[in-house]
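Every chain is numbered from 1, with letters handed out A, B, ... down the list of sequences.
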Amino acid sequence: MRYSNSLIPTLKESPAEAEVISHKLMLRAGMIRKLSAGIYSFLPLGLKVIRKIERIVREEMDRAGAEEVLMPAVQPAELWIESGRWDFYGKELLRFKDRHGRDFCLGPTHEEVITDLVRREVRSYRDMPLNLYQIQAKFRDEIRPRFGLMRGREFSMKDAYSFDIDDAALGETYGKMYEAYMRIFKRCGLKFCAVEADTGTIGGSSSHEFMVLADSGEDLVASCGGCGYGANIEKAKSRREVDEAQPAQKLERKEVSTPDVTSVEDVVGFLGNGIADITAKRLVKTLIIKADSVFYAILMQGDDELNEVKLTNFLGANELEMANSEEIEKVTGGAQGFSGPVGLNIDIIADVAVKGMSNFVTGANKKDTHFLNVNLGDFSVRDFVDLRKVRDGDVCPKCESGVLKITRGIEVGHIFKLGRKYSEALKATYLDNSGREQVITMGCYGIGIGRTAAAAIEQNHDDGGIIFPLPIAPYEVLVLALNTKDDAVMQRAYAIYEELKAKGCDVLIDDRKERAGIKFKDADLIGIPIRVVVGAKKLAEGSVEVSLRRDREKTDVAVEDVIAKVMSYIDTRV
RNA sequence: CGGGACGUAGCGCAGUCUGGUAGCGCACCUGCCUUGGGAGCAGGGGGCCGGAGGUUCAAAUCCUCUCGUCCCGACCA
């Protein structure tokens, strides 16, 4: 492609709307333009990157035995009502009516459609395993789209859906997909890790997320340097140090006046001031939670934080929120900030850490009052569960020695064992080898295509712009002709360009009648990995300059060796 | 949905407090000049100041409403 014929509208300054680096650079490099919040057009350069990622995904999915299909973006409400998600999915599901007043939605995902398709076609265990994938636009009406392609409303996604006869067969398919994902992200040139994940609204039994490590990531990942354990913070477990200072002998419960002392820190500070020797570890905080309009008291050690995802999963709740002050007074009989487990008549659920505690401090369900020396016998706990949010430096739950480190990540892929959730709801069944009807066992496997592109840029850039990994770069080589009025330069540049093209190379030639500075700046910005500069001076000596965007080290190469040099870079993937 | 900010030329912004001719830089067009890191000179085009009401002799500027965008939070695969 000739630069002079291509639409690559680079910007010197980043538009005010962009916050994260990948968003800024994609706008500046002329890859994307916003049409509406969370909705983007792809310009030639952006589309080429998307296509490269898609190609890698297709190759690896096909290699893993999956087969591509294409499904409608517009989906009828009936299917969603049948699966139970029409009401459950919430406002993220963009709904509308057609001219006949029938309900439709824009597909945020395609479990319903694919399951409907498969239940009509699959009859026998002989028809499986089956693994179908699609790469297409999906629409989720996000409350807050942000960071460009990172969290758009309309976004391109690869989704695969697998159909197996039982859990064992699903396990095998799941393993293949896991391997395929490892290969895909590796081929995209990303630094990433696979971690255990919560299944969210998609549901299902187990799941892994593929996280690209980047400071701008919206997710937190806990990982162990020792044994390789990794999990999304929503899911992560940890072993906590037992507090040796807990006194063994139970003391008598005492009521103390604590005027206006509500937070954990305040209580510790207030009591520590001559009343009792207390740290946050010796305090049990009581959170009043409303889960699908049922109230629960949640007990946590004072210095721990509640992991709401863990609680939501344990309760099997749809919606979880903190009770407001009115509700707290109604439920506990006391003011907000003074809640405690003693005397409550709602279910009490405690974090496992509380089990090992004695003579602790709690609220007294009475304004300006706390209890000292509360013990587990003073109230009844319905369940002890792991509810705590993992912190940096916690001990690894898998191995003895490791310490968990918390880092930010961008979720580019997510694989789920769905089990029979959708196949049961939509009655997708088959006959097994003894003629009995069985429910199909499903899995689903997503990759955010645009998000992967954004993540790659988050990980590969410098002050000058993008540094594309070769396999997903819009072009592999940029031939930069410096002196456009110099016939020798232009002829040589075109010759190199044509020859590289003939070798199957994806090459862009900057033949614009622009000053050298502009061309170099644009070249840095759009980040094409291999650069060949043809200039009058060097050419007079019979050489051109070859450099890599990544290290910017320039090498003079004899004109006749240029093609070989470039091809060697490509063959070794730089 | 709660909190905050911003809508002025394609992009980045000033002007708004204190009402009185709509500006600057970049980009764009023409010419000269220049050609290894976003040059220089000269000339030029481009705006219903997001929209609608109101106050006023007069509104980008003050008031009310509305739409849009971005950030933080809640939410989310």
(request) Give a yes or no answer on whether the side chain of R140(A) reaches the backbone of P108(A) with a donor-acceptor pair at less than 3.5 Å. (result) yes
(request) Would you check if the side chain of S223(A) reaches a backbone N or O of G230(A) as a donor-acceptor pair within less than 3.5 Å? (result)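 Checked: no pair found.
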(request) Look at the side-chain N and O atoms of R146(A) and state whether any lies under 4.0 Å from the OP1 or OP2 oxygen of rC70(B). (result)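 No.
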(message) So that I can tick it off, tell me whether E218(A) and R151(A) are bridged by a salt bridge, with the cut-off set at under 4.0 angstrom between side-chain N and carboxylate O.
(response)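 Salt bridge: yes.
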(request) Could you tell me whether K537(A) and D486(A) have a side-chain N and a carboxylate O separated by less than 4.0 Å? (result) no
(message) Taking atom types as they are modelled, would you say the side chain of R151(A) forms a donor-acceptor pair with the base of rC76(B) within the 3.5 Å cutoff?
(response) yes
(message) Any base atoms under 4.0 Å from E411(A), or only sugar-phosphate, or nothing? Heavy atoms, all strands.
(response)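 Answer is base: heavy atoms of E411(A) come under 4.0 Å of a base.
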(request) Output every pair passing ring-ring contact (aromatic ring centres under 6.0 Å, His included) with a member in residues 520-547 of chain A, not counting sequence neighbours, ordered by first then second residue. (result)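 Output for this query is empty, none listed.
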(message) By nearest heavy atom, map S14(A) and G38(A) onto RNA chain B; which one lands nearer the 5' end?
(response)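 The answer here is S14(A).
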(message) Each nucleotide in nucleotides 32-42 of chain B should get exactly one letter: B, S or -. Can you fill that in based on protein heavy atoms under 4.0 Å?
(response) --BBBBBB---
(request) Using the ring pair (Phe, Tyr, Trp, His ring centres under 6.0 Å) rule, pick out the option among F416(A), Y445(A), F210(A) that qualifies with Y178(A). (result)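 Exactly one candidate clears the test, F210(A).
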(request) Quick one: look up who rA14(B) pairs with, Watson-Crick or G-U, both distances under 3.5 Å, and put none if it's unpaired. (result)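 Base partner found: none.
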(message) Distance check, C1' atoms only: rA52(B) and rC70(B), in whole angstrom units.
(response)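 Here rA52(B) and rC70(B) have their C1' atoms 24 Å from each other.
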